Structures are given as C-alpha cells and as structure tokens.
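Note sheet for the following structure.
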Protein chains: 2
Amino acid sequence: MSEQTCPGSIERLVEILEGKWTLLLLRHLFNGVTRFGVLRRMLHPISPKTLTDRLRLLEERGIVTRTIYSEVPLHVEYQLTERGRRLEPLFVAMGEWVRSEDSGPENELISTSLSS
Amino acid sequence: MSEQTCPGSIERLVEILEGKWTLLLLRHLFNGVTRFGVLRRMLHPISPKTLTDRLRLLEERGIVTRTIYSEVPLHVEYQLTERGRRLEPLFVAMGEWVRSEDSGPENELISTSLSS
DNA sequence: CGGAATCCAAAGGGATACTG
DNA sequence: CAGTATCCCTTTGGATTCCG
C-alpha cells in the first residue's frame, strides 16, 4: 500500500479503524457493551448488515471475540481481545481531545460539563 | 450520522479522521511535511483529487491551514492548526500500539474462539 | 435474539488530461 | 508546482425480508 518509511506499520491500525461506525462501535465495546442488540440500539440508525460487517472485520483482525450462548433466547457476546484492549490508550486520547474541544481553545474557564 | 447519544461528541472527531488516507496524511503532517507534492509522493498511489479532497476537508474542520506562496515556482504549505496539533497524543498512542504489536504478539496466550 | 441474504443507492476514490 | 475538471468504477453502507 503506502510506503514503508515508517516503523511497524500504521497501515494495519488503519485497516482496523476504518469504516464509518468502527470508532463509535469500539467505544461502546470499551464501555462494556457486549451484545449485538444493545450495540445496535446504541449506534442507532445503523443497519444490521453494517454492524455485522464491522464486527466480523474486527473479529478477523483479532480485536474482538464472538461467543455464542445457545440458550433459548439466543444470545451472543462480543468482547475485546488483549490486542483490542491495547487500543484503549487511543480512545483515552480521543476522549481527551474531545474534552479539550469543549473547554475551548481560548477559553480559560472550567467547563467540566459532559462526560463521555 | 449518528447523533445525540453521547455528549462532547466523539462524532466530530470521527468526521475529522474518516477517509481512506486521513490518518496517514495527518501522520506526515505531524512529521513536518508541508508541501502538496511531497505529501503526494509519500502517500504514493494516492490521486491528486483524493489528496486535495482530504486536505480541503481538514481545512474546513480547522485542522490545517493552507498558505500559498505565489513565487515563481508556485508553492503551497499545509500546516497543522492549534486544534490539529492537539490531536498529537492520538498519534502518539497509535505509534505505541504499533510498537506493542511489533514487540509482543507472542505473549498472547490467546484463545480467540474464532469460528469464521 | 442475532443474524444471513438480497438488492440497491450513493459516496468515495482512482485515472487521466489540462490549467493558473 | 499545485492543483481542477471529468469520467468512471468500486466499495460501503442502508432497507428489507427471512431464517435458525
């Protein structure tokens, strides 16, 4: 793909994070949400196909695992793998960026406000 | 897009980071690359249209500024704004993730009950 | 409940040629 | 050099319906 002048390969990371809903989806996974239906409701206008696509992709990339509980009301859980959990600092940084936006570039006042 | 479910709004961040080349492009900007032609060469197979589109989008979002030097060999520089520079921790985190991939994929006694 | 299967619209990118 | 202008195609994502 792109060049190789850089160490490791941010390209692999890009492959993981790409996609319209991926960042939002991961954020919910980090918040402990594990079930398909719940994720779907939280990402609201997302279509089931898209959500499935994203989850499968993350599964292939080793970011989440899928566990099926064949109980009567069928139920499935998605959990972050070790590799996925190592992405957390990234989301922390994102949260901090958002907070820094809220406080405003030239604003000195404390504006605590909203949590993520 | 998604919407109101969360405060602060990581959505705005998503709007900035989305797009096939955005992360790679920003990385080069953080590395001090400022000129169109150089960026183009570094992102190699990218088309001029795509690169322009991305840069314009980042400009609209207040992440980069565009400065035209109407000297004879026309030349333009793109620089990160204050808002853009505040994204740096994110890229640092990305770099660390990549490094963690390189160093320790072996200490994963993973499990991953994948079945796809 | 958690998808799979279709079908489809549209946005996003790419290739190329040309210009201020 | 740093784009613009086109044209076109591939990929994504969405709506819907049905299945285990």
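Note: hydrogens, waters and symmetry copies are ignored here, and every other heavy atom, side chains too, is used. Here is how names work: the chains are called A, B, and so on, in the same order as the sequence lines, proteins then strands, and each is numbered from 1. Everything numeric here is computed off the predicted structure, so don't read it as measured data.
Proximity of A/Arg35 to the phosphate of C/dC1: no side-chain N or O atom is located under 4.0 Å from OP1 or OP2.
Nucleotides of DNA chain D that come within less than 4.0 Å of any heavy atom of chain A span, from the 5' end to the 3' end, D/dG13 to D/dG20.
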Side-chain polar contacts of residues 61-70 of chain B - donor-acceptor pairs under 3.5 angstrom, sequence neighbours left out - could you list them?
{"residue": "B/Thr65", "atom": "OG1", "partner": "B/Gln79", "partner atom": "O", "Å": "3.4"}
{"residue": "B/Arg66", "atom": "NE", "partner": "B/Tyr78", "partner atom": "OH", "Å": "3.3"}

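Contacts with DNA chain D (heavy atom under 4.0 Å) in residues 71-78 of chain B: B/Leu74, B/His75, B/Val76, B/Tyr78, listed by number. Scanning residues 60-69 of chain B for heavy-atom distances under 4.0 Å to DNA chain C yields an empty list.
Interatomic distance, A/Phe91 CZ to A/Glu96 CD, rounded to the nearest 0.5 Å: 14.0 Å. The distance from atom CZ of A/Arg99 to atom CE of A/Met94, rounded to the nearest 0.5 Å, is 13.0 Å. Rounding to the nearest 0.5 angstrom, the gap separating the CD1 atom in B/Ile46 from the CG atom in B/Leu25 is 7.0 Å. Annotation: the span from A/Leu80 atom CG to A/Leu29 atom CG amounts to 5.0 Å, rounded to 0.5 Å. In this structure, the separation between CG on A/Leu57 and CD1 on A/Ile16 is 9.5 Å, given to the nearest 0.5 Å. B/Leu39 CG to B/Leu24 CG: the interatomic distance, rounded to the nearest 0.5 Å, is 11.0 Å.
Side-chain atoms of B/Leu13 and B/Leu90, non-hydrogen and from C-beta on, do get closer than 4.5 Å to each other. With a 4.5 Å cut-off on side-chain heavy atoms, B/Trp97 and A/Arg83 count as touching. In this structure, the side chains of A/Trp21 and A/Pro45 come closer than 4.5 Å at one or more pairs of heavy atoms. Counting heavy atoms from C-beta on, the side chains of B/Thr22 and A/Val14 never come closer than 4.5 Å. Residues A/Thr52 and A/Leu55 have side chains not in contact (no heavy-atom distance under 4.5 Å, counting atoms from C-beta outward).
Atom CG in A/Leu39 sits roughly 9 Å away from atom P in C/dG2 (whole-Å rounding).
Formation of a donor-acceptor pair under 3.5 Å by the B/Thr81 side chain with backbone atoms of B/Gly84 is found in this model.
For the helix from C/dC1-D/dG20 to C/dG20-D/dC1, the angle separating the two terminal helix axes comes to 60°, with each axis derived from five pairs and the value rounded to 10°.
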Anything under 3.5 Å between a protein N or O and an N or O of nucleotides 13-16 of chain C, put it in a table, one pair a line.
{"residue": "C/dG13", "atom": "OP1", "partner": "B/Lys20", "partner atom": "N", "Å": "2.4"}
{"residue": "C/dG13", "atom": "OP2", "partner": "B/Arg54", "partner atom": "NH2", "Å": "2.3"}
{"residue": "C/dG13", "atom": "N7", "partner": "B/Lys49", "partner atom": "NZ", "Å": "2.9"}
{"residue": "C/dG14", "atom": "OP1", "partner": "B/Lys20", "partner atom": "NZ", "Å": "3.2"}
{"residue": "C/dG14", "atom": "OP2", "partner": "B/Trp21", "partner atom": "NE1", "Å": "3.2"}
{"residue": "C/dG14", "atom": "OP2", "partner": "B/Thr50", "partner atom": "OG1", "Å": "3.0"}

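A salt bridge links A/Glu82 with A/Arg86: the distance from a Lys NZ or Arg NE/NH1/NH2 to an Asp or Glu carboxylate oxygen falls below 4.0 Å.
A/Thr50 and A/Ser47 are linked by a side-chain donor-acceptor pair at a separation below 3.5 angstrom, with hydrogens and angles left out of the test.
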